[in-house]
Each structure stands twice: as structure tokens, then as C-alpha cells.
Amino acid sequence: MLTMEDRICVIGAGRMGEGITLSYIHAGRAVTLVDIKPRTQAEQADHHARVLANLRRELGTLSRLGLLDDQQAETAMQRVRLCGRDDAVADLQRARIVFEAVPERLDAKRDTFAWLGRVCAADTVIASTTSTFLVTELAELMPGPERFLNAHWLNPAYLIPLVEVSAGPRTADAALQALLAVLRQAGKTPVQCAPTAGYIVPRIQALAMNEAARMVEEGVASAEDIDTAVRLGFGLRFSVLGLLEFIDWGGGDILYYASRYLEAQIGPRFASPDVIAKNMEQGRNGLRDSKGFYDYADLDVDAYKMQRLGQLCKRLEVMGLLPRFDGAHTAAGTEA
């Protein structure tokens with residue numbers, strides 16, 4: 001069983017390795033950050049100084065954001081041990097969780113997994129942070145694939161709460177549960193997805209980002225106006241309602257007919273998937289049918305709507321965009 005005293009090891013002292021380390025030292029866990037790249041003594045000293053400076057700078061950012069004070073930032077720094085590959089063996093032999101964050105090259109990962117297989121205990125959970133390779137591909141390189149899985153963190157890793165977890169067909173449930181538990185210790189919210197390219201967030205955001213770039217290319221709107229629309233329309237709503245939840249609010253049939261129009265006007269990339277038509281056939285259009293992607297049959301729908309609208313109002317308040325009663329009078333006075 002994983003305890004708070006167990007040391008977490010992070011392999012790879014790049015941007016992601018630093019972000020994961022920051023998450024855990026801020027949360028109260030001891031971390032060994034391993035710079036796995038071969039270096040001369042002088043190169044290692046120079047690189048390690050830069051990594052430690054990066055960690056201190058980001059802790060300083062958290063301090064300026066009010067998430068900790070200067071003394072707590074110093075306490076957090078005392079929880080990290082930065083070392084080279086040769087000096088990491090003892091910590092790796094005792095580690096219960098190891099995050100691999102080496103460069104996205106198959107040869108680098110193959111060498112790292114072979115090494116970890118030799119030095120780690122047989123039941124140590126090893127999680128790759130790759131955004132490129134499927135867990136089914138990497139598990140073939142890992143001695144003991146039952147203790148291996150992917151954990152895709154989103155940058156900035158020490159702030160974004162989501163981590164996408166992908167287990168392989170041979171991943172043991174004990175390994176999965178141990179990883180989920182240690183992610184939650186850092187205040188993360190893990191979600192699970194099948195071994196498929198793009199996970200969840202990168203797959204959705206690639207479509208959205210490409211469409212935004214395409215609209216600039218086609219002269220639909222300026223980059224500034226598109227980004228304003230995303231921040232104040234698209235992003236705000238979907239920070240409260242998930243995409244599938246939003247379909248249920250408006251109705252799957254609305255999406256179906258809107259998609260048909262866009263498909264005819266712009267192209268086949270806007271065609272809706274078969275599941276939308278099937279839901280319509282089965283009377284699963286969302287809230288008004290009491291079922292859609294979610295089941296609302298036993299839900300107090302009015303209370304649920306008020307909760308979501310309240311969450312939206314809080315976000316608008318933070319942004320200084322909450323509608324104000326008689327706000328037009330204030331605006332008119334300002335213009336005058």
C-alpha cells in the first residue's frame with residue numbers, strides 16, 4: 001500500500017518532469033527527479049542548476065498567485081532530490097510509483113524501460129507521461145507490463161487538475177488503483193480512456209485548434225475575434241458543462257440538424273456520428289426526454305440547472321463579466 005512516506009521518482013528533468021515534481025513537492029510528497037541524459041560532470045552541474053532554478057521560479061510564481069508563502073516554497077524545495085542516473089538507483093529500488101517523462105523517442109523510452117526493469121522492484125508501478133505512444137506499444141518494451149500504464153498530464157502540469165490515464169490489456173488493477181490514488185494525492189482528477197491515439201483532450205483540442213486556424217485562413221474572422229469568441233463563449237460554457245452534457249442540454253436533434261447544415265455548407269468534417277441519430281431514434285435527445293448521454297430520470301432537473309448556472313456565474317464574477325442590474329446606466333455614464 002502506498003504511503004505518504006514513499007518517495008515518488010520522476011525520470012526526465014525536462015518541462016514535464018519539472019511540472020510533475022512541482023505538483024508533488026507542493027502537495028507534500030518527496031520526489032527524486034532523475035536527469036537521465038548522459039553528461040560530463042560540468043554539464044550536469046550546469047543543467048542541474050538550471051532545473052533547480054526553474055523549480056524555484058515556478059514556486060515563486062505559485063507564491064505570487066497566493067497558493068503558498070515564501071517559507072512554504074522553501075519547504076517544498078527541500079522535498080526534491082535532483083540526481084543523475086547513477087545516483088538514482090537506491091531511490092528507484094524503494095519507489096512505489098515512477099513517472100517516465102523522457103523525450104518522445106521510442107529508442108529513449110526503450111532504454112529507459114529496460115533500465116527501470118532492472119533497478120525497480122517487481123511491483124513498482126511505472127507510468128509513462130507520453131502524449132505520442134499508446135500504452136499497448138510501450139508495454140511491449142516494459143519488463144512486467146502488468147505494472148505499466150500511461151498517465152498523460154496537461155501543461156502546466158502543476159496547475160491543470162486533469163490527468164488522462166490509459167491502462168493496457170495486461171495492466172493489473174492494483175497498479176491502476178495505486179496510480180489513481182497517487183494522482184489524487186497531488187489534487188489531480190484522473191480520467192480513464194482506452195488505448196487510442198490522442199487520448200481525450202488532445203483529440204478534441206486538435207479539431208478545435210485546426211478549425212480556428214482554418215477560419216483565419218478563410219477570412220471568416222480575425223485571430224483576435226476568434227480567440228475572444230473561444231474565451232467568452234466556447235470556453236466559458238464548456239468549463240461548466242462537458243461537451244456531451246451540453247448536447248443533452250440543447251438536444252441531440254439540434255446538433256444533428258445543425259451538423260447537416262454545416263456539412264452541406266462547409267464540408268464532411270461536420271457530419272455528426274451515428275450515435276447522435278441512434279439517440280434520436282431511441283428518444284434520447286437529452287434533458288427534455290430525461291435521457292441522452294446521461295440519465296436524468298431520477299434527477300431534480302431544476303436544482304441541477306441552478307447548480308450549473310451558479311458555477312457559470314462564479315466564473316463570470318472572477319472575470320469581471322457578470323451581468324449587473326442597471327448596468328446600461330453605468331456604461332452610459334462612463335461613455336459620457
Side-chain angles (χ1 to χ4, degrees), residues 1-38 44 47-48 51-52 55 75-103 108-130 133 135 138-139 141-153 157-158 163 165-168 170-188 190:
M1 180 179 293
L2 195 71
T3 70
M4 288 293 290
E5 286 69 39
D6 290 319
R7 179 172 285 270
I8 292 169
C9 289
V10 179
I11 312 301
R15 182 185 180 192
M16 182 54 70
E18 291 176 358
I20 295 172
T21 298
L22 283 163
S23 292
Y24 281 106
I25 61 176
H26 181 245
R29 296 297 304 271
V31 177
T32 297
L33 178 57
V34 183
D35 174 24
I36 197 171
K37 186 175 180 179
Q44 186 178 79
H47 182 70
H48 287 195
V51 170
L52 292 173
L55 294 174
T75 298
M77 279 301 299
Q78 300 309 310
R79 294 173 178 150
V80 60
R81 176 174 181 258
L82 175 61
C83 63
R85 175 171 171 155
D86 293 340
D87 294 326
V89 173
D91 285 356
L92 284 166
Q93 289 173 338
R94 296 191 298 270
R96 312 306 307 137
I97 298 284
V98 174
F99 289 102
E100 171 271 309
V102 303
K109 301 215 181 268
R110 181 183 293 108
D111 292 346
T112 299
F113 293 147
W115 174 60
L116 292 174
R118 292 193 301 270
V119 301
C120 291
D123 60 347
T124 297
V125 176
I126 298 174
S128 176
T129 64
T130 181
F133 301 106
V135 63
L138 296 182
L141 310 177
M142 184 69 233
E146 68 280 353
R147 41 85 173 265
F148 179 79
L149 62 174
N150 282 359
H152 178 233
W153 299 58
Y158 57 93
V163 178
V165 174
S166 185
R170 291 193 283 175
T171 304
D173 185 64
L176 172 62
Q177 297 307 320
L179 177 65
L180 296 178
V182 83
L183 289 171
R184 292 180 181 119
Q185 285 181 358
K188 302 304 176 184

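For reference, positions follow the sequence shown, starting with 1.
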Table please: side-chain donor-acceptor pairs of residues 83-92 below 3.5 Å, with sequence neighbours left out.
{"unit_1": "Asp91", "atom_1": "OD1", "unit_2": "Arg94", "atom_2": "NH2", "d": "2.8"}
{"unit_1": "Asp91", "atom_1": "OD2", "unit_2": "Thr32", "atom_2": "OG1", "d": "2.6"}
{"unit_1": "Asp91", "atom_1": "OD2", "unit_2": "Arg81", "atom_2": "NH1", "d": "2.9"}

Can you give each donor-acceptor pair under 3.5 Å made by side-chain atoms of residues 119-126, sequence neighbours left out, with the distance rounded to 0.1 Å?
{"unit_1": "Asp123", "atom_1": "OD1", "unit_2": "Arg96", "atom_2": "NH1", "d": "3.4"}
{"unit_1": "Asp123", "atom_1": "OD1", "unit_2": "Arg96", "atom_2": "NH2", "d": "2.9"}
{"unit_1": "Asp123", "atom_1": "OD2", "unit_2": "Arg96", "atom_2": "NH2", "d": "2.7"}
{"unit_1": "Thr124", "atom_1": "OG1", "unit_2": "Ala95", "atom_2": "O", "d": "2.9"}
{"unit_1": "Thr124", "atom_1": "OG1", "unit_2": "Ala121", "atom_2": "N", "d": "3.4"}
{"unit_1": "Thr124", "atom_1": "OG1", "unit_2": "Ala121", "atom_2": "O", "d": "3.3"}

Please walk me through it: do Leu116 and Phe148 pass side-chain contact (heavy atoms from CB on, under 4.5 Å)? CA-CA 11 Å; Leu116 292 174; Phe148 179 79; over 6 Å; no
Considering all heavy atoms, the nearest Asp35-His47 contact: OD2-CD2, 3.4 Å
Any donor-acceptor pair under 3.5 Å linking the side chain of Lys37 with the backbone of Val102? no
Closest non-hydrogen atoms of Leu138 and Ser128, given as atom of the first, atom of the second and distance, are CD1-OG, 3.6 Å
Go through the structure and list residues passing side chain to side chain donor-acceptor pair (under 3.5 Å) with Gln177, not counting sequence neighbours. Asp173
Of all the heavy-atom pairs spanning Arg79 and Arg29, show the shortest one and how long it is. CB-O, 3.7 Å
Drop me the distance from Ile25's CD1 to Ile8's CD1, to the nearest 0.5 angstrom. 11.0 Å
Show the numbers, then the answer: is there a side-chain contact (heavy atoms from CB on, under 4.5 Å) between Ile11 and Val98? CA-CA 7 Å; Ile11 312 301; Val98 174; 3.6 Å; yes
Within-4.5 Å side-chain heavy-atom neighbours: Phe99 and Leu179: yes
Heavy-atom pair of closest approach, residues Leu33 and Gly12: CD1-O, 3.6 Å
Suppose the criterion is side chain to side chain donor-acceptor pair (under 3.5 Å): which pairs have a residue in residues 111-121, not counting sequence neighbours? none
Using a 4.5 Å cut-off on heavy atoms from C-beta on, say whether the side chain of Met77 contacts that of Leu52. yes
Can you give me the closest heavy-atom contact between Val31 and Arg7, atom names plus distance? O-NH1, 3.1 Å
Please give me the minimum heavy-atom distance between Val165 and Pro190, naming the atom from each residue. CG2-CB, 4.1 Å
Side chains of Ile97 and Asp6, heavy atoms from C-beta outward: is any pair under 4.5 Å? no
Show me the pairs that pass side chain to side chain donor-acceptor pair (under 3.5 Å) and involve residues 11-28, at least two apart or across chains. Glu18-Asn54
Listed partners of Lys109 passing salt bridge (Lys or Arg N to Asp or Glu O under 4.0 Å), at least two apart: Glu100, Glu104
